[in-house]
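Here is the structure we will look at.
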Amino acid sequence: MNIFAYLEQYDYEQLVFCQDKASGLKAIIAIHDTTLGPALGGCRMWTYAREDDAILDALRLARGMTYKAAVAGLNLGGGKTVVMGNAKTDKNEALFRSLGRYIQSLGGRYITAEDVGTDVHDMDLIHMETDYVTGISQAYGSSGNPSPVTAFGVFRGMQATVKAAFGTDDLAGKRVAIQGLGNVGMHVARLVKEAGGELIVADINDDSVRSAVNELNAKAVDVKDIFEVDCDIFAPCALGAVINDSTIDRLRCQVIAGSANNQLAEDKHGDLLHQRGVAYAPDYVINAGGLMNVADELEGYNAERAHNKVDGIYQIIENVFEMSRKENIPSYRAADRLAEQRIDQMRRVRSNYLFHEKSLHR
Ligand code: NAD
């Protein structure tokens with residue numbers, strides 16, 4: 001991989017390699033853009049087949065965080081850590097404390113959090129060496145489980161998307177097909193039910209499906225049939241890349257609004273949804289509640305303040321659809337453009353010389 005060419009192409013600031021033989025640490029910290037503030041992004045632990053795969057994963061995910069934070073209105077940049085290793089067998093105290101010291105050495109340019117393969121215990125170990133970590137135990141002042149907050153944001157984003165498609169954000173009588181009843185999906189299902197929506201659900205876990213059927217009067221369908229059920233709203237809350245060549249023609253919804261990351265297999269699928277008049281809530285906008293919640297920890301966590309920020313996802317999604325309409329561009333492009341505009345504007349604002357430059361973490 002030609003690393004500098006890639007960094008230049010997408011305007012990355014920094015790529016850090018961290019190695020500690022004693023603990024087995026092999027980690028990569030990618031910092032994409034810190035125009036808005038310190039780069040915040042989770043720490044992923046994964047067994048990568050090749051070093052290049054790990055580097056590319058860190059880089060891509062870091063850039064995604066820049067856009068996510070920017071469109072969410074947070075004063076944060078984008079970064080990500082990947083730890084090369086098996087999350088089940090290769091973890092030890094020294095590894096995370098060593099990583100914590102590398103993060104500390106960046107002086108606050110990067111703040112880490114949980115991600116795939118890491119948990120609150122790992123964050124507590126990192127916290128022994130640095131304050132630049134979120135998602136630590138609640139006893140240390142953390143925000144706790146982000147999933148209910150993410151679900152609330154998805155619900156508000158769903159309402160705004162429904163408004164863009166139907167002219168009203170009322171979910172009463174709307175048929176909502178939810179794929180995945182995990183930490184986020186089940187909460188979304190409850191909120192939809194409370195708002196008077198009708199639920200159609202699918203999950204590979206039969207217990208979750210049974211709960212939704214018994215508790216929420218949901219209709220259960222087979223996991224392979226969820227794409228083609230007759231519904232108003234499809235809410236992907238399980239896996240990425242679910243809008244792809246083999247599913248897009250089967251969809252019968254007018255709205256797509258769910259929590260899953262990277263829902264579009266390729267950009268062309270977002271273009272097709274736009275051409276077909278399906279209102280797609282860009283994934284990284286609608287699922288930003290979890291990020292908003294951990295970001296609030298940086299100011300001393302306040303659940304009510306975090307809740308209010310997440311409530312604002314409704315307005316952000318409205319802005320996305322307004323731009324999509326005005327410019328006649330797909331919603332996923334409109335979201336990117338809003339993020340880029342904000343970064344450009346703030347870059348200009350911050351170029352104004354201040355004698356006492358204050359380092360803002362908000
Ligand atoms: P989770 O693991 O708790 O839930 C995922 C659910 O999907 C599980 O119940 C699983 O059985 C089900 N599932 C897996 N494969 C399936 C399939 N083929 N068909 C139907 N169901 C299937 O995860 P989560 O925390 O609820 O997150 C859900 C999605 O939202 C993920 O893509 C995640 O990256 C994204 N997300 C989550 C958060 C958060 O705060 N938890 C924040 C942002 C984005």
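Just follow the structure's listing: the first ligand is 1, and inside any ligand the first atom is 1. This structure is a prediction, so every number in the text was calculated from the model and none was measured.
- Inside a 4.0 Å radius of atom 13 (N) of ligand 1 there is at least one protein heavy atom.
- For the side chain to side chain contact (heavy atoms under 4.5 Å, CB included) test, residues two or more places apart in sequence or in another chain that qualify with I343 are D33, T35, L36, T66, A70, R347.
- Put simply, no part of S208 is less than 4.0 Å from ligand 1, judged by heavy atoms.
- Atom 37 (C) of ligand 1 has as its closest protein heavy atom V184 CG2, 3.9 Å.
- The residue among N293, I226, V223, I286 with a heavy atom at the shortest distance from atom 20 (C) of ligand 1 is V223.
- The nearest protein atom to atom 38 (C) of ligand 1, hydrogens excluded, is given as T150 CG2, 3.8 Å; this is a heavy-atom distance.
- The option from G42, G180, S259 that lies nearest to atom 29 (C) of ligand 1, judged by heavy atoms, is S259.
- I329 and I256 sit in two unconnected hydrophobic clusters of ILVMFWY residues. Membership requires side-chain heavy atoms under 4.5 Å apart, directly or through other members.
- Taking all heavy atoms of N261, N262, L239 into account, the minimum distance to atom 15 (N) of ligand 1 is reached by L239.
- When hydrogens are left out, the protein atom nearest atom 43 (C) of ligand 1 is N287 O, 3.6 Å; that is the closest non-hydrogen contact.
- In the vicinity of A202, heavy-atom distances shorter than 4.0 Å reach the ligand 1 atoms 20 (C), 21 (N).
- Looking at ligand 1, you'll find an N or O of S147 within less than 3.5 Å of one of its N or O atoms.
- Contact check for V83 versus L99: side-chain heavy atoms found under the 4.5 Å cut-off.
- Residues D115 and C43 share a closest heavy-atom pair of CB-O, 3.3 Å.
- Classification of the Y10-Y12 ring pair by plane angle, with boundaries at 30° and 60°, yields perpendicular.
- Every N/O-N/O distance between G185 and ligand 1 stays at or above 3.5 Å.
- No side-chain heavy atom of R101 sits under 4.5 Å from any side-chain heavy atom of T130.
- The option with the heavy atom closest to atom 10 (C) of ligand 1, from among V294, N205, D203, I178, is D203.
- Below 30°, between 30° and 60°, or above 60°: for Y67 and H32 the angle between ring planes is below 30°, a parallel geometry.
- No path of Ile, Leu, Val, Met, Phe, Trp and Tyr side chains, each step under 4.5 Å between heavy atoms, connects L59 with M65, placing them in separate hydrophobic clusters.
- Of the candidates V242, N183, D206, V201, the one placing a heavy atom closest to atom 25 (O) of ligand 1 is N183.
- In this structure, the protein non-hydrogen atom closest to atom 5 (C) of ligand 1 is C237 O, 3.9 Å.
- Looking only at side-chain heavy atoms (C-beta outward), R63 and K80 stay at 4.5 Å or farther from each other.
- When side chains are defined from C-beta on, I233 counts as touching V162, because their heavy atoms get closer than 4.5 Å.
- Protein heavy atom in closest approach to atom 4 (O) of ligand 1: G182 CA, 3.2 Å.
- D249 has a carboxylate O that lies under 4.0 Å from a charged side-chain N of R276, or vice versa, which qualifies the two as a salt bridge.
- What sits closest to atom 32 (O) of ligand 1 on the protein, heavy atoms only, is A238 O, 3.1 Å.
- There is no protein heavy atom less than 4.0 angstrom from atom 2 (O) of ligand 1.
- Contact annotation: G290 has no heavy atom less than 4.0 Å from any atom of ligand 1.
- At least one cation-pi condition fails for K163 and Y314: the charged atom is not both under 6.0 angstrom from the six-membered ring centre and inside a 45 degree cone around its axis.
- When heavy-atom distances to ligand 1 are checked against a 4.0 Å cut-off, V149 has no atom that comes that close, whether in backbone or side chain.
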